[in-house]
Each structure stands twice: as C-alpha cells, then as structure tokens.
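This report concerns only the one structure given below.
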Amino acid sequence: MSVSLLDSYETVTLEDHTLEREAESGDPTGALSWVLSSLGVCARMISDTLRRARLEDVLGTAGQQNVQGEEQQKLDVIANDILVQRLRGRDGVVVLGSEEDETLLYADSTGLGQERFAVFFDPLDGSGNLDVAGGVGTIFSIYRVLDDPRDDYELRPGREQLAAGYFLYGSSTLLVLATEGDVSMFVLDPAVGTFTRVLTGIRIPSRGNVYSVNEANLATFPDGFKRYIGACRASGASARYAGAMVADVHRVLLKGGIFLYPPTAKAPSGKLRLMYECNPMAKVVKEAGGLAGTGHGEIMDVVPAELHQRVPVIIGSPENVRELLAGL
Ligand code: FBP
C-alpha cells in the first residue's frame, strides 16, 4: 500500500473551513472568516500565556472586582485585553460585549464589504480553575449587525447568532465552532501554529450516562431538579463536574449526558450569563442535535434585557434533557 506524503499535508485549517462554509452559504466576502481568524490568534496568545502563567507569575487575583462583583484574576484581565484590543481593530467588528466590561464597547469600522458584526465573549470561563491548572476556556458568540449601531446596539436573541463556540485550554488547545448546520472541532497544532480541523458534522449522543451539576447547591434547587438528580444517582449515572462550563459542556457534547446550572437560593435566575456563556453553548449543542433550555423555554429564544443577564441552564443530549423537563 503506497502512502502519499501529500495526505499528511491536506489538513483543513480554521480559515479553510470558515471560507468554505461562507462560500457554501453564498457569502463570498470572507468577512466572518476574518473575525474568526482574529479569535484564533487571540486564543493562541491566551493559550501561550496560560501555559507560562506560573513561570511568569501571572496567577492570582488582580486586586479588583468585575461588574458581577467577582474577584478578577490577573489572567481574566490579560485575556480580556488581548480580545478587546485585537477584535476592536478588526475590520467588520463594530460591537463588543465582554464578561469583564460593564457596558458594550463600540469600534469604528466601516465593515468588510459592508458586513458588520457584534462579538460577545467570556475571556476566561472557569477562571476559578486557573491557580490549580484545571480546564478553562474562552467562549464567543457572533451576530451580524444590520444597521450602523453608532452607540446604541440592541441585544438580539441567541437564535440570531451567526456563529458561536469555545476554545478549551486543556491537555490540548482546541476550538469547537458552530455555524449554521455544522459543529466542527479544531486542535491547535503548536508545530504549525494553526487550528487544524479534526472533526466535522459533530452529533451529540442521543443519551449519555453522565450528569454534571454542582450538587453542593442541591438543597436550594427547585424540586423537579432534586428529583431528577436523585433519579440519576439511583440509575448509577456518573457525576462529573469540572467547575468550568466550557469543560463540562464539552464532555457532554462528545460523550452525551446533561449539564445543569439550576436556579438556587443564592442565584434565583441561575448563575451563568446569557449573552456570552449560555447562548453560545446552546448554539453549539443545538447544532449538534442536542437541547438547551432554561426550564421555561429555549435558551436561544430568551429576548435579552441586559448584557450580563443570567438564566438557568439545562443543556445536553435530547433524551436526558427531555427526561428532566418532563419532571419539572
Ligand atoms: P466564570 O469563571 O467565567 O465567571 O464562569 C462561571 C463558572 O465558573 C462556570 O464556568 C462554571 O460552570 C460555574 O461558574 C461554576 O460555578 P459554581 O462554582 O457555583 O459551581
């Protein structure tokens, strides 16, 4: 059997993939690819900073709180600066919404071929894991902006997302990207410095034997959630919880199961943020054939009231989610 060396060079990079998808969707401008490639560069810079964090003493708190009243980690600030600076200068990006900034940020861009975008992001999801080298990630969500927003952009429901996904800084640095009708996975090839596609057309398993929830809050969950978690335990399902939504949902996407962040006494509307955590993760899971709800409807149907709005989260394999919803 002759092996052509060429085979190993026919990799599909992030840029190849997104230009291909844009061409297929009849939009040859490459404007979205231009934004996604900038996110790719940001993730490489953040990944490198994380891997050197303890060597360069950038772990620990930054000595200030963000708009959510959370103690900011030095790396939260560094990752946010990398994303804001790079995306603000990118043609086509006119609105930015970050977990670390109180209000929307605007950028003067005439757009690329008149294409304009709003980008929402959680620079470092799971930042509580930083000091212990646990899984953390960057979550992003991209919308097309039809009119020049000046400084009055109206937040849109998640179902209008053009693309969404996350970078996971774990044993390898990977990207999961959802566009219309497709979810693909890329791994950062440190030797080449590009994100190389390793999976495309990802489908979430219809059912999984894993439930992922912070059971420390069980006592204050609504009864339906308590009953469901009790049933999971009784069925011998495995509990897995990394304390980082990006890592927990990634496991559910590939292995099946369910991730929950229900309402609690401490967070009656849930803890996780709609615009830059729940909507993008919902788009990824839904494009892969899963379900994503709040307990009162679809996450991506929520009409956002403000940038840092929180919602309860039920996300995962269709059979697992339907089972929970049936008992709520
Ligand atoms: P940030 O780190 O971006 O603030 O994210 C919030 C988060 O860490 C999620 O990633 C995770 O799912 C959740 O909070 C964990 O919360 P808890 O410690 O209450 O279980």
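All ligand and atom numbering here is 1-based and tracks the order in the structure. This chain uses plain numbering: 1 for the first residue, then up along the sequence.
A perpendicular orientation is assigned to the rings of His250 and Tyr166, their planes being inclined by more than 60° (bins at 30° and 60°).
Of the N and O atoms on the side chains of Thr13 and Asp16, at least one donor lies less than 3.5 Å from an acceptor on the other residue.
Within 4.0 Å of ligand 1, protein heavy atoms come from Glu70, Glu99, Asp122, Leu124, Asp125, Gly126, Ser127, Asn214, Tyr241, Gly243, Ala244, Met245, Phe259, Tyr261, Lys271, Leu272, Arg273, Glu277.
Remark: the backbone N or O of Tyr276 is not paired with any side-chain donor or acceptor of Asp122 at under 3.5 angstrom.
Side-chain heavy-atom separations under 4.5 angstrom define the hydrophobic clusters, and Val192 shares its cluster with no other residue.
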Donor-acceptor pairs are to be reported for all side-chain atoms of residues 296-306 against protein atoms at under 3.5 Å, with residues two or more places apart or in another chain.
{"residue": "Glu298", "atom": "OE1", "partner": "Lys286", "partner atom": "NZ", "Å": "2.9"}
{"residue": "Glu298", "atom": "OE2", "partner": "Lys286", "partner atom": "NZ", "Å": "3.2"}
{"residue": "Asp301", "atom": "OD1", "partner": "Arg159", "partner atom": "NH1", "Å": "2.9"}
{"residue": "Glu306", "atom": "OE1", "partner": "His308", "partner atom": "N", "Å": "3.1"}
{"residue": "Glu306", "atom": "OE2", "partner": "Gln309", "partner atom": "N", "Å": "3.1"}

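For Lys226, the salt bridge (Lys or Arg N to Asp or Glu O under 4.0 Å) criterion is met by Asp223, not counting sequence neighbours.
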